[in-house]
*Asks:* 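What follows is a single structure, and I will ask about it in a moment.
Since the model is a prediction, treat every value here as computed from it, not as a measurement.
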Amino acid sequence: MSAADVSKLLRTVGGRWLHLVEAGEDGLDEDTVAALTIELAKLADRIDVACIAHSSGSAP
């Protein structure tokens, strides 16, 4: 699995969680899901930055 695929997966998981909360899924706390989604997006961003730095030959 490529780093780009991992980044996409992290963002997709967060997005799906948000859709479940919006749909009223029982057992999901809106604040917790929002916080986790933000953290997943930050992780995906860090992966993207590291990959860009690696491909351009510079350190992150």
*Asks:* Give the minimum heavy-atom separation between Ala44 and Ser7, together with the two atoms involved.
*Replies:* O-OG, 3.4 Å

*Asks:* Starting at CG of Asp5, measure out to CG of Leu10 and round the result to the nearest 0.5 Å.
*Replies:* 11.0 Å

*Asks:* Below 4.5 Å, heavy atoms only, C-beta onward: do Lys42 and Thr37 meet side chain to side chain?
*Replies:* no

*Asks:* Do Ile47 and Leu43 have side-chain heavy atoms sitting under 4.5 Å apart?
*Replies:* yes

*Asks:* Which value, rounded to the nearest 0.5 Å, describes the distance between Leu18 atom CG and Glu25 atom CD?
*Replies:* 13.5 Å

*Asks:* Quick test of your reading of the model: are Asp48 and Lys8 salt-bridged, counting only N-O distances below 4.0 Å?
*Replies:* no

*Asks:* Mind checking whether Leu28 and Trp17 have side chains closer than 4.5 Å, heavy atoms only?
*Replies:* no

*Asks:* Can you check whether Met1 reaches Val6 side chain to side chain, under 4.5 Å on heavy atoms?
*Replies:* yes

*Asks:* Using the rule that Ile, Leu, Val, Met, Phe, Trp and Tyr join whenever any side-chain heavy atoms are under 4.5 Å apart, tell me whether Val33 and Ile38 fall into a single cluster.
*Replies:* no

